[in-house]
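Worksheet: the structure to be examined is printed underneath.
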Amino acid sequence: MNARDLSSHLAALLRKEREAMADFLLALALFDEKKLWRDLGHTSLFCYLRRELGLSAGAAQHRKTAVELIQRFPAVEAALRQGRLCLSSVCELAKVVTPENVAEVLPRFFGLSRREAEAVAVSIQPAAAIPRREVVMPLRATVVAPSAAVREEVASVEPTVVEVHPGETPPRMDLVLAPPPAPAPRPPDSEQPLTAELSRFHLTVSRQFMQTLERTKDALSHSHPGASTEEILMACMQAMLAKKAKQRGLVQRPLETPRPSRPDHIPAHVRRAVMKRSGGRCEWVFDNGERCNSTYQVECDHIIPKALGGRATVENTRAACRGHNQLAARRVFGDAFMDRFARTRRKPVSPHSRFFGADAGGRSEERDAGG
């Protein structure tokens, strides 16, 4: 094949790739519309794409966003099929498109890269305030070259020939050089005022700090769902200050009021045993035998629901993330019953979308009817 024939062949394969992607998104939209991912034990479409299909977090988020756009605006499917819109720009399009402006806004994203799409989105909907950013950037170790004086001193050393006779121990020849340069100093923390109320704070931290931060976010995922790093650190600092104030006797101890007992209460010793057994991770097992192991919003769940006579024992209690706790209740009581307990409120940020932004719209958060 010559260059022209091979180019035509590549163009045909590219058209097939676009059509296959569009067909995949249409099938995925139908799959999501019927919530069939629940039947496979998943708590969301994102979780299904990550665990069942093995997509990366970014690929799963792009396809999930594309499906949501196709469900709202069918013209998005045609643009993806024709190659005028790419998956890397759908997340930016989703931020600004509405039923009123779709005919005007959609063509402005045709043929754009992700960065170009970001610029268009900002031009359509400028930020009302300076955005709060959390940027994690690994620092590379800096190799400091020896100084010119050290290099010159080493070059000036002349080789010495020492004659050694049989049976004699050769003399020790040590070359004393300048000590190695000290490691580069740690960059100091810096603060950059942005407004009268906001500042940008640059902090150099260790890997252990980042691991502890993620564990803290998961540990506070019930009381602070979707909290930013600033909110997490503020809560920790306030708790530490309150603890110190209590140690110094600076606070007045409130009167203790007896807490009413609840019939569905899980005793503390049962919670401790379950959390120790699970390691604080969700014990839900998928059909393929894989365990969820999520540490986000983990709570105790009755295996046999308390409404059906299940008791709060270690054997009948498991650690489950909130999503799988609610999914277990749906499997027992059905969607129609559980939807009666749903209340719509502002959706908390999922731990999976920390690097992609919160999804638009609201989430139906359910009370745990099944325990």
Side-chain angles (χ1 to χ4, degrees), residues 38 40-44 46-47 50-51 207-229 231-240 242-243 246 256 258-333 338 341 348-354 363 365-371:
R38 285 178 179 166
L40 301 178
H42 299 285
T43 58
S44 66
F46 182 90
C47 177
R50 289 280 284 138
R51 289 187 174 270
R207 177 181 298 181
Q208 182 181 6
F209 177 91
M210 296 304 303
Q211 294 172 347
T212 305
L213 176 62
E214 292 302 318
R215 291 171 53 196
T216 305
K217 287 183 176 180
D218 288 340
L220 300 181
S221 56
H222 283 90
S223 58
H224 298 73
S228 65
T229 299
E231 294 168 336
I232 293 295
L233 294 179
M234 180 66 74
C236 294
M237 290 187 293
Q238 290 174 342
M240 181 60 67
K243 179 180 178 180
K246 184 177 180 181
E256 296 183 358
R259 299 178 60 183
S261 60
R262 296 173 48 191
D264 60 344
H265 175 67
I266 298 178
H269 73 276
V270 173
R271 292 181 180 272
R272 287 195 297 268
V274 171
M275 288 301 176
K276 182 178 180 180
R277 180 189 66 202
S278 65
R281 296 178 177 272
C282 177
E283 295 181 290
W284 181 277
V285 179
F286 296 97
D287 295 340
N288 59 6
E290 181 183 358
R291 182 171 143 170
C292 174
N293 280 329
S294 173
T295 59
Y296 187 77
Q297 291 188 333
V298 176
E299 50 202 20
C300 288
D301 171 40
H302 291 74
I303 299 175
I304 300 177
K306 59 180 180 287
L308 300 181
R311 301 180 59 189
T313 61
V314 176
E315 294 74 20
N316 190 50
T317 307
R318 62 187 167 193
C321 61
R322 178 167 295 179
H324 279 128
N325 191 349
Q326 296 171 359
L327 179 58
R330 284 184 173 274
R331 287 189 171 184
V332 174
F333 299 100
M338 290 300 299
F341 294 90
V349 179
S350 167
H352 306 296
S353 59
R354 290 172 183 167
R363 169 182 293 178
E365 182 169 323
E366 301 159 351
R367 298 184 181 93
D368 182 12

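- Pairing each heavy atom of K217 with each of A227, the nearest pair is CE-O, 4.4 Å.
- For R215, the CZ atom is loosely surrounded, since the number of other residues' heavy atoms within 6.0 Å does not exceed 12.
- Between T317 and C300, the shortest heavy-atom distance links the atoms CG2-CB, 3.8 Å.
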Trace of the side chain to side chain contact (heavy atoms under 4.5 Å, CB included) decision for H302 with I266: CA-CA 9 Å; H302 291 74; I266 298 178; 3.8 Å; yes
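- Looking at residues two or more places apart in sequence or on another chain, you find no salt bridge (Lys or Arg N to Asp or Glu O under 4.0 Å) involving R281.
- Among residue pairs with one or both ends in residues 307-316, none qualify as side chain to side chain donor-acceptor pair (under 3.5 Å); sequence neighbours excluded.
- Distance check: D301 CG to K306 NZ gives 8.5 Å after rounding to the nearest 0.5 Å.
- Closest non-hydrogen pair, N325 versus E299, comes out as ND2-OE2, 3.0 Å.
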Intermediate values then yes/no, side chain to side chain contact (heavy atoms under 4.5 Å, CB included), W284 and T43: CA-CA 11 Å; W284 181 277; T43 58; over 6 Å; no
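- A heavy-atom distance below 4.5 Å is found between the side chains of P225 and Y296.
- How far CZ of R322 is from OG of S294: 12.0 Å, rounded to the nearest 0.5 Å.
- Rounded to the nearest 0.5 angstrom, L213 CG and C236 SG are separated by 8.5 Å.
- Between the side chain of E214 and the main chain of Q211, no donor-acceptor pair closer than 3.5 Å is present.
- Taking the six-membered ring where the residue is Trp, H324 and F286 present perpendicular rings, their angle passing 60° and hence far from 30°.
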Worked verdict on M275 versus V298 for side chain to side chain contact (heavy atoms under 4.5 Å, CB included): CA-CA 9 Å; M275 288 301 176; V298 176; 3.9 Å; yes
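- Taking each heavy atom of H42 and L327 in turn, the nearest pair found is O-CD2, 3.7 Å.
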Derivation of the side chain to side chain contact (heavy atoms under 4.5 Å, CB included) call for S44 and R50: CA-CA 10 Å; S44 66; R50 289 280 284 138; over 6 Å; no
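- Nearest heavy atom pair, residue R318 against residue V274, reads C-CG1, 3.7 Å.
- Contact between R51 and R291 at its shortest, heavy atoms only, is NH1-O, 3.6 Å.
- Checked by atom type and distance alone, the side chain of R277 pairs as donor or acceptor with a backbone atom of V314 at under 3.5 Å.
- Within a 6.0 Å radius of CE in M237, other residues, nucleotides and ligands contribute more than 12 heavy atoms.
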